[in-house]
J.: 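Dumping the structure here so I can ask a few things about it.
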Amino acid sequence: KIILGGPVMRIRSPSMSELHAFATAARLGSFTRAAETLCVTQGAISRAISRLESHFGQPLIHRNAHRLTLTDAGRSYLEAIAVHLAAIETASASMLATDRRHHLILSAVPTLASVWLVPRLPDFHRRHPEIHLDFVPYRRDEDFSGARPDAAILAGEAGQWPGWQADYVIGREMVPVCHPARAETRQWQSPDELLDEPLLYHTTAPANWQNWLRAAGVPSAAPTLARGFDQVSILLEAVKADMGVAVLQRCLVRDALQAGQVIAPFDLPIRLNRGYFLCAPRERRDHPALTAFRDWLLSAAAIDIGSK
């Protein structure tokens, strides 16, 4: 029973920001990862935990170069507060739920968002003017440990996210691309001849070249990769600059192909396992705005895939 206006009670608990910093750092074993999760600086996490330790007059975390570990006191305290922090998050989410039925917070792979998704969003807003859509920074290792995003479009393979609802969207359709002048000069006759070219690649998917070559009929291919790039947009610019040949998602190079900026020397119907998936925790799958967005997104992707 809560009595308002009762006797003043001294509050001995620390602030919520300090508790979240401690619990997140303890769960992830890293100040850096905790900072990324909570969207603050590493210094802010360190200072929050130091204040917490000063508040209790004892260390809660052992700090070393490899991984953070809890002291006995820290472990005992985390066990005592974890369930209550989760309950507060659940209660807060519930309070916001009514207002958020038509509000969806997303993150997405940057190149897919800028090249493919955003140009199609006016159609989504025409169909669902009641839904307010916001984007937050993309995290490659998204784990939905925070209150947002509601869902994320991530790159990976089916089965990579057990416990989540993960719907394949687009991106398995791969095609090699190069500068038109390179194709004109080389006059390749078969895919294996590409092995003599500088093979550009995405640093998070270096196996794409080998997988594509095998699917193209070069089963023993052992490609020597040239230069790696960590974003598809930069990789495509390297192709436009005639730095080499890259194998990229058709959905991300369609405009460049149509504009004649790059050419596909072997336009084969090859699909790899890796693609883009709309991911969300299963408990959020009935979110009304997410349901509407998922239906629209999968329909838009099916139209794109079918158009080649």
J.: To the nearest 0.5 Å, tell me how far R294 CZ sits from S299 OG.
T.: 14.0 Å
J.: Please confirm whether the backbone N or O of T111 pairs with a side-chain atom of S114, one donor and one acceptor, at under 3.5 Å?
T.: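 Side chain of S114 to backbone of T111: a pair is present.
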J.: Could you tell me which non-hydrogen atom of G163 sits nearest to which non-hydrogen atom of R282, and how far apart they are?
T.: O-CG, 3.2 Å
J.: I want to check something: taking the side chain as every heavy atom from C-beta on, are L297 and I153 in contact at a cut-off of under 4.5 Å?
T.: yes
J.: Find out if a path of hydrophobic residues (ILVMFWY) with successive side-chain heavy-atom gaps under 4.5 Å connects L257 to L248.
T.: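 Result: yes, single cluster for both.
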J.: Check I45, V40, L85 against H20 for a side chain to side chain contact (heavy atoms under 4.5 Å, CB included) and give me the one that passes.
T.: L85
J.: Quick one: do I263 and V175 end up in the same hydrophobic cluster if we chain Ile, Leu, Val, Met, Phe, Trp and Tyr together by side-chain heavy atoms under 4.5 Å apart?
T.: no
J.: Atom CD1 in I170, atom CD1 in I305: separation rounded to 0.5 Å?
T.: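 Going from the CD1 atom of I170 to the CD1 atom of I305 covers 4.5 Å.
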J.: I'd like to know whether N211 forms a side chain to side chain contact (heavy atoms under 4.5 Å, CB included) with M174, so could you lay out the CA-CA distance, the side-chain angles of the two residues, the decisive distance to 0.1 Å, and finally the verdict.
T.: CA-CA 10 Å; N211 293 335; M174 307 292 289; over 6 Å; no
J.: Closer than 3.5 angstrom, by distance alone: can the side chain of T71 be matched with the main-chain N or O of P59 as a donor-acceptor pair?
T.: yes
J.: Given side chain to side chain contact (heavy atoms under 4.5 Å, CB included), test K240 with V262 step by step and report yes or no.
T.: CA-CA 6 Å; K240 292 178 184 179; V262 299; 3.9 Å; yes
J.: Count the heavy atoms belonging to other residues, nucleotides or ligands that lie under 6.0 Å from CZ of R127, then report whether that count exceeds 12.
T.: no
J.: Is there a side-chain contact between C279 and E142 (heavy atoms, below 4.5 Å)?
T.: no
J.: Is the number of heavy atoms from other residues, nucleotides or ligands within 6.0 Å of CD (Q187) greater than 12?
T.: yes
J.: Mind checking whether F293 and F124 have parallel, tilted or perpendicular rings, split at 30° and 60°?
T.: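 Rings of F293 and F124: perpendicular, as their planes differ by over 60°.
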J.: Please give me the minimum heavy-atom distance between R140 and D230, naming the atom from each residue.
T.: NH2-O, 3.5 Å
J.: Flag the pair R182 / V239 as yes when at least one side-chain heavy-atom distance between them is below 4.5 Å, and no otherwise.
T.: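 Answer no - side chains too far apart.
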J.: How long is the gap from CD on Q249 to OH on Y276, to the nearest 0.5 Å?
T.: 3.5 Å
J.: So Q261 and L236, do their side chains get closer than 4.5 Å, heavy atoms only?
T.: no
J.: Quick one: does any side-chain atom of R63 pair with a main-chain N or O of I61 as donor and acceptor, under 3.5 Å?
T.: yes
J.: Give me the atom names and distance for the closest heavy-atom approach of P119 to A113.
T.: CD-O, 4.2 Å
J.: Check whether any side-chain N or O of S50 sits under 3.5 Å from a backbone N or O of S46 as a donor-acceptor pair, and report yes or no.
T.: yes
J.: Do M16 and F22 belong to the same hydrophobic cluster, where Ile, Leu, Val, Met, Phe, Trp and Tyr are linked whenever their side-chain heavy atoms lie under 4.5 Å apart, directly or via other members?
T.: yes
J.: When you look at W188 and E197, which way does the side chain to side chain contact (heavy atoms under 4.5 Å, CB included) test go after all the steps?
T.: CA-CA 11 Å; W188 300 297; E197 302 298 323; 3.4 Å; yes
J.: Do the non-hydrogen side-chain atoms of L19 and Y77 ever get within less than 4.5 Å of each other?
T.: yes
J.: Between R186 and D196, does at least one N-O distance fall below 4.0 Å, as a salt bridge requires?
T.: no
J.: R254 side chain to D304 main-chain N or O, any donor-acceptor pair under 3.5 Å?
T.: yes
J.: Hey, what do you get for CG (D167) to CG (D295), rounding to the nearest 0.5 Å?
T.: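 Answer rounded to 0.5 Å: 9.0 Å.
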J.: Side-chain contact, heavy-atom cut-off 4.5 Å: L60 with I49?
T.: no
J.: So which heavy atom on P176 is nearest to which on V245, and how close?
T.: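 Scanning both residues completely, I find the closest heavy atoms to be CB-CG1, 4.4 Å.
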J.: Between R250 (side chain) and E173 (backbone), is there a donor-acceptor pair under 3.5 Å?
T.: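 No; judged by distance alone, with no hydrogens or angles, the pair does not exist.
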J.: How about H62 and N64: does a side-chain donor come under 3.5 Å of a side-chain acceptor?
T.: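 Side chains of H62 and N64: no pair found under 3.5 Å.
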J.: How many angstroms lie between atom NE2 of H287 and atom NE2 of H103, to the nearest 0.5 angstrom?
T.: 8.0 Å
J.: With the 4.5 Å side-chain cut-off for hydrophobic clustering, are L290 and W161 part of the same group?
T.: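 They do share one cluster, since a chain of ILVMFWY contacts under 4.5 Å joins L290 to W161.
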J.: Indicate yes or no: at least one non-hydrogen side-chain atom of W296 is less than 4.5 angstrom from one of I131.
T.: no
J.: Just how far is it from atom CZ of R172 to atom CG of N273, taken to the nearest 0.5 Å?
T.: 6.5 Å
J.: Ignoring hydrogens and geometry, is there a side-chain-to-backbone donor-acceptor pair from D134 to I105 under 3.5 Å?
T.: no
J.: Which pair of heavy atoms, one from A222 and one from Q210, lies closest together, and at what distance?
T.: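 Looks like CA-NE2, 4.4 Å.
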J.: Could you note down all residue pairs passing salt bridge (Lys or Arg N to Asp or Glu O under 4.0 Å) where residues 22-38 supplies at least one of them, sequence neighbours left out?
T.: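 For residues 22-38, and leaving out neighbouring residues, the salt bridge (Lys or Arg N to Asp or Glu O under 4.0 Å) pairs sorted by first residue read R27-D143.
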J.: Of all the heavy-atom pairs spanning V115 and C251, show the shortest one and how long it is.
T.: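 Where V115 meets C251 most closely, the heavy atoms are CG1-O, 4.4 Å.
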J.: Indicate yes or no: at least one non-hydrogen side-chain atom of C178 is less than 4.5 angstrom from one of P265.
T.: yes
J.: Under the criterion side chain to side chain contact (heavy atoms under 4.5 Å, CB included), I'd like the reasoning laid out for L154 against F277: C-alpha separation, chi angles, the key distance, then a yes or no.
T.: CA-CA 5 Å; L154 305 176; F277 290 77; 5.6 Å; no
J.: For L213, run the side chain to side chain contact (heavy atoms under 4.5 Å, CB included) check against N208, I270, V218 and tell me which one passes.
T.: V218
J.: Before we go on, tell me: are the rings of W164 and F144 under 6.0 Å apart, centre to centre?
T.: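 W164 vs F144: aromatic centres under 6.0 Å.
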